[in-house]
Amino acid sequence: MLAERLIGTFLVRRIGDRQRLARIVETEAYVGPEDLASHSSRGRTKRTEVMFGPAGHAYVYFIYGMYDMLNIVAGKTGSGQAVLIRAAEPIGWEADLSGPGKLARELRITRAQNGLDLTTSGELFLRVPSAGTIKIVRSKRIGIDYAEHWKHALLRFTDPASKALSRP
DNA sequence: GCGTCGATGGCA
DNA sequence: GCCATCGACGCG
């Protein structure tokens, strides 16, 4: 599952000649149109279009009138799956990335990055760590109590050793 | 330390 | 009307 593999992966953000690095420590999987917590369960719309595109691209949406959220499209093209990046540890700089809203704000990620291919080097991309296996804990997703039985699914992945989680 | 609530705008 | 959030506030 991509959401699990992304724990420990580095996110690279380049703005001008500046580069900021962050280690992903918390993710959530939204597994397709049948998942009532997933935006793709509302069908294919202008907003969710990139969710149905190829994996590895950014799906960035705006919510609560003030926050952008970074997701990474997952699964086969057309499957409508995505992974929400909920928290990360800044590497080589100081910031609080312990929540999806804060993470996007601090990394200057907005809908301007929607659809970006994150698998190739550019203004925003992923860098897979060379090695290392870490313990990963599964738990319930946050903020989706409306999603009927899907709210119980253990689709949140965390590195329990991190101090940058949005919640334990 | 907790729970509650307002901000703020795009979306269906 | 609701929302994959955050931060401020009141409590005692």
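Values below: all heavy atoms of this structure, side chains included; hydrogens, waters and symmetry mates excluded. The sequence lines fix the lettering, A, B, ..., with proteins before strands; numbering per chain opens at 1.
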Note to self: Looking at Arg108(A), I want to see if its CZ is surrounded by more than 12 non-hydrogen atoms of other residues, nucleotides or ligands under 6.0 Å.
What the structure shows: no

Can you tell me how far [atom2] of [Y] sits from [atom1] of [X], rounded to the nearest 0.5 angstrom?
| X | Y | atom1 | atom2 | result |
| --- | --- | --- | --- | --- |
| Leu97(A) | Ile24(A) | CG | CD1 | 10.5 Å |
| Ile144(A) | His152(A) | CD1 | NE2 | 9.5 Å |
| Ile63(A) | Met69(A) | CD1 | CE | 5.5 Å |
| Leu103(A) | Ile85(A) | CG | CD1 | 8.0 Å |
| Leu124(A) | Ile109(A) | CG | CD1 | 4.5 Å |
| Leu70(A) | Leu84(A) | CG | CG | 8.0 Å |

Exercise answer: donor-acceptor pairs, residues 111-123 of chain A side-chain atoms, under 3.5 Å, sequence neighbours excluded:
{"from": "Gln113(A)", "atom 1": "OE1", "to": "Thr110(A)", "atom 2": "N", "distance (Å)": "2.9"}
{"from": "Gln113(A)", "atom 1": "NE2", "to": "Glu123(A)", "atom 2": "OE1", "distance (Å)": "3.0"}
{"from": "Asn114(A)", "atom 1": "OD1", "to": "Val60(A)", "atom 2": "N", "distance (Å)": "2.9"}
{"from": "Asp117(A)", "atom 1": "OD1", "to": "Thr119(A)", "atom 2": "N", "distance (Å)": "3.0"}
{"from": "Asp117(A)", "atom 1": "OD1", "to": "Thr119(A)", "atom 2": "OG1", "distance (Å)": "2.6"}
{"from": "Asp117(A)", "atom 1": "OD2", "to": "Thr119(A)", "atom 2": "OG1", "distance (Å)": "3.3"}
{"from": "Ser121(A)", "atom 1": "OG", "to": "Arg14(A)", "atom 2": "NH1", "distance (Å)": "3.0"}
{"from": "Glu123(A)", "atom 1": "OE1", "to": "Arg13(A)", "atom 2": "NH1", "distance (Å)": "2.9"}

Taking only nitrogen or oxygen atoms into account, show me every contact under 3.5 Å that the protein makes with nucleotides 2-4 of chain B, one pair per line with its distance.
none

Notebook entry, point to check: Please walk me through it: do Val83(A) and Asn71(A) pass side-chain contact (heavy atoms from CB on, under 4.5 Å)?
Noted result: CA-CA 5 Å; Val83(A) 178; Asn71(A) 298 248; 6.0 Å; no

Item checked: Validation row: Ser40(A), Phe52(A) side chains within 4.5 angstrom (heavy atoms) -> yes

Next item on the list: Side-chain contact test, heavy atoms from C-beta onward, threshold under 4.5 Å: evaluate it for Leu6(A) versus Leu126(A) and give yes or no.
Entry: yes

Next item on the list: Answer yes or no for this row: Tyr30(A) ring on dA4(C) base, centroids under 5.5 Å, planes under 30°.
Entry: yes

Quick one: side chain to side chain donor-acceptor pair (under 3.5 Å) pairs with a partner in [range], sequence neighbours left out?
| range | answer |
| --- | --- |
| residues 46-57 of chain A | Arg44(A)-Glu49(A), Thr45(A)-Thr48(A) |
| residues 153-163 of chain A | Arg23(A)-Asp159(A), Glu26(A)-Arg156(A), Glu89(A)-Ser162(A), Ser139(A)-Arg156(A) |
| residues 140-149 of chain A | Asp35(A)-Arg141(A) |

Notebook entry, point to check: Taking only residues two or more places apart in sequence, or in another chain, which ones meet Arg42(A) in a side chain to side chain contact (heavy atoms under 4.5 Å, CB included)?
Noted result: none

Notebook entry, point to check: Taking only residues two or more places apart in sequence or in another chain, which ones pass side chain to side chain contact (heavy atoms under 4.5 Å, CB included) with Ile136(A)?
Noted result: Glu4(A), Ile7(A), Ile134(A), Phe157(A)

Next item on the list: Enumerate the residues from residues 99-112 of chain A whose closest heavy atom to DNA chain C is under 4.0 Å, giving them by residue number; use none for an empty result.
Entry: Gly99(A), Pro100(A), Gly101(A), Lys102(A), Arg105(A)

Notebook entry, point to check: Where along residues 142-156 of chain A does a heavy atom come under 4.0 Å from DNA chain C, residue by residue in number order?
Noted result: Ile142(A), Gly143(A), Ile144(A), Tyr146(A)

Margin query: Counting only heavy atoms and a strict 4.0 angstrom limit, can you tell me which residues of residues 33-54 of chain A come near DNA chain B?
Written below: Thr45(A), Arg47(A)

Checklist line | Positions of residues 65-89 of chain A (non-hydrogen atom under 4.0 Å from DNA chain B), listed by number | finding: Gly65(A), Met66(A)

Check: Looking across every strand, which nucleic acid part, if any, lies under 4.0 Å from Phe62(A) by heavy atom: base, sugar-phosphate, or nothing?
Finding: sugar-phosphate

Check: Same cluster or not: are Val25(A) and Val137(A) linked, directly or through other Ile, Leu, Val, Met, Phe, Trp or Tyr residues, by side-chain heavy atoms under 4.5 angstrom apart?
Finding: no

Check: Given the rule that I, L, V, M, F, W and Y join up when any side-chain heavy atoms are under 4.5 Å apart, are Leu11(A) and Trp93(A) in one cluster?
Finding: yes

Next item on the list: Could you run through DNA chain B and flag its stems, i.e. three or more consecutive Watson-Crick or G-U pairs with both distances under 3.5 Å?
Entry: B:1-7 with C:5-11, B:9-11 with C:1-3

Item checked: Distance in angstrom units between Tyr59(A) OH and dG10(B) C1', rounded -> 11 Å

Check: CD1 of Ile63(A) versus P of dA7(B): gap in Å, rounded?
Finding: 18 Å

Margin query: Could you check whether the side chain of Tyr61(A) and the base of dA4(C) have a donor-acceptor pair of N or O atoms closer than 3.5 Å, going by distance alone?
Written below: yes

